[in-house]
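One structure is given here, and the rest of the page talks about it.
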Amino acid sequence: MKIKKAIIPAAGLGTRVLPASKAIPKEMLPIVDKPAIQYIVEEAVKAGITDILIITNRGKGAIEDHFDHSIELEGMLKTKAKKKQFEEITSVTQLANIYFIRQKETRGLGDAVLRAKEFVGDEPFAVLYGDDVIIGEIPAIGELCEAYEKYGKNVVGIKEVTDEQVVKYCSLKVEKKEENVFDVSDMIEKPSIYNKFSNYSILGRCVLDSRIFEILENTPLGVGNELQLTDAMKTVARKEGMTGVVFSGERHDMGNKFGMLKANIDVGLTHPETKNELKAYIKKLAEEI
């Protein structure tokens, strides 16, 4: 079954990137000239997804405004014959059918996903974490959707990470199925280095069927006294297994300062308006460091 719906949890407070996120949603912080969340929405659209629910919180109205028309700005750009800029900002409003709902309390990723129950209905759906921007020629979520259609199991997007990172994310019990594809039979959220299964972690993408909602409703609060999506997926993995796909794109964690810097440098080095100057600047810096 083709995946046509996606949810983007974007209700986090962004404490790791304060003070920038005090007044601006972290999802709206720019990567060169586009907010982070636009990259995520564009990835979903490239994968054939047509309906997207963004889960926000108080103080995140700027996200909703970004995907809406700005009549005054559009009018000014038309008047001044700034065709390129006009087309750029109006195209954002036409990317997909985009809906919004608020997570009234920050109670974890699992709770945010649970808010999407009515939106999803009985269909399988994609989840694209609001902190994770994945840059690549092939949309990462599209690779997961293909795996769901091929194997018929819930899918997680995975990468092999360092020991330092795995204790901050989750650890998966995996067995290689084919190139870049694994069977996942268990997982643990934020393990210690001594009880990890492997250094494979879920990084920002998954495809789930609607049965996950009933599991979430019966999952006790976990790490941080929050409802953890990983705990619900662990139930699925242990009961029927999941598919893990090592996606091909480069993942940027926009929830931390270095991740933001790296994303801007990587995109800046390919952006037609910045790449030449940025390359020259980096070369100059390298000589001075």
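Numbers here simply count residues along the sequence, with the first being 1. Keep in mind it's a predicted model, so treat the numbers as computed, not measured.
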Point to revise | Evaluation steps, side-chain contact (heavy atoms from CB on, under 4.5 Å), between M242 and L208 | key: CA-CA 10 Å; M242 299 182 75; L208 305 168; 4.1 Å; yes
Review point. Step by step, would you call R205 with I134 a side-chain contact (heavy atoms from CB on, under 4.5 Å)?
Key: CA-CA 9 Å; R205 301 290 183 270; I134 299 174; 3.6 Å; yes
Side chains of residues 29-42: which donor-acceptor partners sit under 3.5 Å, not counting sequence neighbours?
from: D33; atom 1: OD2; to: H271; atom 2: NE2; distance (Å): 2.9
from: K34; atom 1: NZ; to: E42; atom 2: OE1; distance (Å): 2.7
from: K34; atom 1: NZ; to: E42; atom 2: OE2; distance (Å): 3.4
from: Q38; atom 1: OE1; to: H66; atom 2: NE2; distance (Å): 2.8
from: Q38; atom 1: NE2; to: E42; atom 2: OE2; distance (Å): 2.9
from: Y39; atom 1: OH; to: I31; atom 2: O; distance (Å): 2.9

Review point. Does any pair with a residue in residues 154-164 pass salt bridge (Lys or Arg N to Asp or Glu O under 4.0 Å), and if so which ones, sequence neighbours excluded?
Key: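 Residue pairs passing salt bridge (Lys or Arg N to Asp or Glu O under 4.0 Å), neighbours aside: D163-K196.
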**Study point:** For K284, salt bridge (charged side-chain N to carboxylate O under 4.0 Å, His left out) partners two or more places apart
**Key:**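 Here the qualifying residues are E288.
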Review point. Residues two or more places apart in sequence or in another chain: which of them pass salt bridge (charged side-chain N to carboxylate O under 4.0 Å, His left out) with R238?
Key: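 In terms of salt bridge (charged side-chain N to carboxylate O under 4.0 Å, His left out), with neighbours along the sequence ignored, R238 is linked to D186.
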Which residues pass the side-chain hydrogen bond (donor to acceptor under 3.5 Å, both in side chains) test with [X], not counting sequence neighbours?
{"X": "Y151", "answer": "E178"}
{"X": "E287", "answer": "none"}
{"X": "D183", "answer": "none"}
{"X": "N218", "answer": "none"}

Point to revise | Which residues share a ring-ring contact (aromatic ring centres under 6.0 Å, His included) with Y200, sequence neighbours left out | key: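 Only F182 meet the ring-ring contact (aromatic ring centres under 6.0 Å, His included) criterion with Y200.
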Check your understanding: Who pairs with F100 by ring-ring contact (aromatic ring centres under 6.0 Å, His included), at least two apart in sequence or on another chain?
Key ->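 For F100, no residue satisfies ring-ring contact (aromatic ring centres under 6.0 Å, His included) once neighbours in sequence are set aside.
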Practice item. Using the ring-ring contact (aromatic ring centres under 6.0 Å, His included) rule, collect all pairs that involve residues 208-227, keeping only residues at least two apart or in two chains. Key: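 Of all non-adjacent pairs touching residues 208-227, those that pass ring-ring contact (aromatic ring centres under 6.0 Å, His included) are F125-F213.
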Point to revise | Sub-4.5 Å side-chain heavy-atom contact between L172 and I158 | key: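 Yes. Closest side-chain heavy atoms under 4.5 Å.
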Practice item. Taking the side chain as every heavy atom from C-beta outward, state whether E240 and N154 have any pair of such atoms under 4.5 Å apart. Key: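 Yes - at least one pair of side-chain heavy atoms lies under 4.5 Å apart.
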**Study point:** Electrostatic pair K84:E273 at N-O distance under 4.0 angstrom
**Key:**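 A salt bridge links K84 with E273.
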**Study point:** Test log, rule side-chain contact (heavy atoms from CB on, under 4.5 Å), inputs E226 and D111
**Key:** CA-CA 8 Å; E226 295 181 339; D111 181 75; over 6 Å; no
Enumerate donor-acceptor pairs with a distance under 3.5 Å from any side-chain N or O in residues 245-254 to protein atoms, sequence neighbours excluded.
from: S248; atom 1: OG; to: E143; atom 2: OE1; distance (Å): 3.3
from: S248; atom 1: OG; to: E143; atom 2: OE2; distance (Å): 3.1
from: E250; atom 1: OE2; to: K262; atom 2: NZ; distance (Å): 3.0
from: R251; atom 1: NE; to: D132; atom 2: OD1; distance (Å): 2.5
from: R251; atom 1: NH1; to: Y169; atom 2: OH; distance (Å): 3.1
from: R251; atom 1: NH2; to: D132; atom 2: OD1; distance (Å): 2.7
from: D253; atom 1: OD1; to: G255; atom 2: N; distance (Å): 2.9
from: D253; atom 1: OD2; to: R16; atom 2: NH1; distance (Å): 3.4
from: D253; atom 1: OD2; to: N256; atom 2: ND2; distance (Å): 3.0

Check your understanding: Checking K46 side chain against I138 main chain: does a donor-acceptor pair fall under 3.5 Å?
Key ->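 No, the answer is negative, given that no donor and acceptor are paired below the 3.5 Å cut-off.
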Exercise for review: Answer yes or no: are there more than 12 heavy-atom neighbours, outside N195 itself, under 6.0 Å from its atom CG?
Suggested key: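 Atom CG in N195 is packed in, count exceeds 12.
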